[in-house]
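What follows is a set of notes on a single structure, which appears directly below.
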Protein chains: 2
Amino acid sequence: MAGDASLSSSEFPDPGHDHDACRDQAIDRAERLCAGQGARLTPQRREVLELLLAAHQALGAYEIMEGIDWGGRKPAPVVVYRALDFLMELGLVHRLASVNAYVACGHAGEAHGARFLICTDCRTVAEVTSPGIADALVGEAERRGFAVGQLTIEISGVCPHCRGAADG
Amino acid sequence: MAGDASLSSSEFPDPGHDHDACRDQAIDRAERLCAGQGARLTPQRREVLELLLAAHQALGAYEIMEGIDWGGRKPAPVVVYRALDFLMELGLVHRLASVNAYVACGHAGEAHGARFLICTDCRTVAEVTSPGIADALVGEAERRGFAVGQLTIEISGVCPHCRGAADG
DNA sequence: CATATAATGTAATATCATAACAATTCAAGA
DNA sequence: TCTTGAATTGTTATGATATTACATTATATG
Ligand SMILES: [Zn+2]
Ligand SMILES: [Zn+2]
Ligand SMILES: [Zn+2]
Ligand SMILES: [Zn+2]
């Protein structure tokens with residue numbers, strides 16, 4: 001494996017972390033995941049994923065368009081949306097409903113009833129898993145007779161780096 | 001007070017409940033709340049609120065437009081959005097990010113770190129408060145150094161009535 | 001090569017939301 | 001009552017996000 005400690009993209013990434021290793025590791029995982037499912041991580045899809053990974057941020061679909069350059073041209077919206085659909089299908093990307101944006105998954109493949117901490121300042125997103133809370137939510141809903149489908153848990157606020165204080 | 005038991009709009013409303021009393025009670029509360037804050041619940045704003053209350057569902061802004069008839073005319077989008085902004089400001093209406101829709105608040109005025117159970121079948125929305133879970137989420141985020149702003153907790157699934165089975 | 005499936009290209013359109021500015025209504029104070 | 005400023009509404013246009021439809025090209029398989 002390339003870089004082992006120092007990445008752990010699950011929390012807020014340290015601005016000084018080894019970004020290339022971080023991205024390469026994620027792409028590597030994505031390729032294995034696709035191979036395992038007979039899905040094709042084509043150049044288009046891969047570029048969208050890399051862009052999201054490099055950003056460590058939530059990006060709007062049209063921002064992704066702007067961030068891509070294929071031989072001097074920008075892809076059409078539908079091209080980006082198709083790539084995003086594919087990546088979301090495989091769990092490599094999540095959509096953040098509260099900000100109409102998309103973010104690369106920090107735990108691709110692994111099961112995760114995840115929630116997201118979204119910095120309104122730098123737009124960095126931390127994907128946090130804690131089965132306890134998710135289970136509590138699901139359990140309570142089911143006690144009410146509600147058959148749970150999808151969870152959307154998004155918390156907006158200001159991340160440690162933007163606050164200036166790291167530890168609490 | 002008009003109807004006291006039988007409503008409790010906080011959970012999934014029983015299809016057989018006294019709807020008029022339910023709506024009247026909510027409008028009544030809204031009027032007191034506005035009066036208390038020097039805000040004006042004008043006919044436009046009131047009609048949007050009534051429509052949402054009558055629906056017991058999440059409605060898109062353009063659905064609200066269609067549902068309103070002012071002397072044979074539909075309001076322009078911006079009119080509806082202005083009414084919604086006003087109502088959200090006062091906490092009488094919430095926006096559901098995961099479905100791009102708006103729903104009347106079941107606990108107007110009261111403090112509430114609420115979450116929403118959204119039926120994908122009939123689109124009925126239950127607004128559930130449980131400070132315990134909200135506090136757990138906020139607490140965990142803050143332990144990570146994240147300054148929490150807004151919570152978005154939305155659970156999609158199938159409500160008891162649409163499942164056919166009420167109790168579990 | 002022939003064929004079927006998957007992926008992409010291209011254009012148009014649908015859906016959700018806001019901006020800009022004019023006109024009107026409303027609540028007070030002179 | 002008249003004036004005046006603030007809030008609300010009317011109207012039009014535009015921005016932002018997302019999907020549909022259909023033609024074309026690439027890829028894998030027999
Ligand atoms: Zn994830
Ligand atoms: Zn930040
Ligand atoms: Zn509420
Ligand atoms: Zn239902």
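Treat the numbers as computed from the prediction; the structure is a model and nothing was measured. Letters A, B, ... are given to chains in the order of the sequence lines, protein chains preceding strands, and every chain is numbered from 1.
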Starting at CD of A:E47 and ending at P of C:dA7, how long is that distance when rounded to a whole Å? 18 Å
Among B:H17, B:R23, B:R123, find the one that has a side-chain hydrogen bond (donor to acceptor under 3.5 Å, both in side chains) with B:H56. B:H17
d(CD, B:E63; C1', C:dA14) in whole Å: 14 Å
Just how far, in rounded Å, is P of C:dT10 from CD of A:Q44? 11 Å
Starting from P on D:dG10, measure out to CZ on B:R45 and report it in whole angstrom. 12 Å
Whole angstroms only, please: what is the CZ-C1' distance between B:F86 and D:dA7? 11 Å
Let me know the distance between CD1 of B:I68 and P of D:dG10, rounded to the nearest Å. 11 Å
In this structure, how many angstroms lie between the C1' atom of D:dA7 and the CG atom of B:L41, rounded? 15 Å
Here the distance between atom P of C:dT10 and atom CE of A:M65, to the nearest Å, is 13 Å
Are A:V99 and A:M65 connected in a single hydrophobic cluster, I mean Ile/Leu/Val/Met/Phe/Trp/Tyr linked by side-chain heavy atoms less than 4.5 Å apart? no
Can you find a pair of side-chain heavy atoms, one from A:C119 and one from A:V125, that are under 4.5 Å apart? no
Is the shortest side-chain heavy-atom distance between A:L151 and B:I153 below 4.5 Å? no
Going from NE2 on A:H19 to CG on A:D24, what distance comes out if it is rounded to the nearest 0.5 angstrom? 10.5 Å
Summarise how protein sits on nucleotides 18-30 of chain D as a single string, 5' to 3': B when a protein heavy atom is under 4.0 Å from the base, S for sugar-phosphate-only contact, - for no contact. BBB------S---
Are the aromatic ring centres of B:H94 and B:F116 under 6.0 angstrom apart? yes
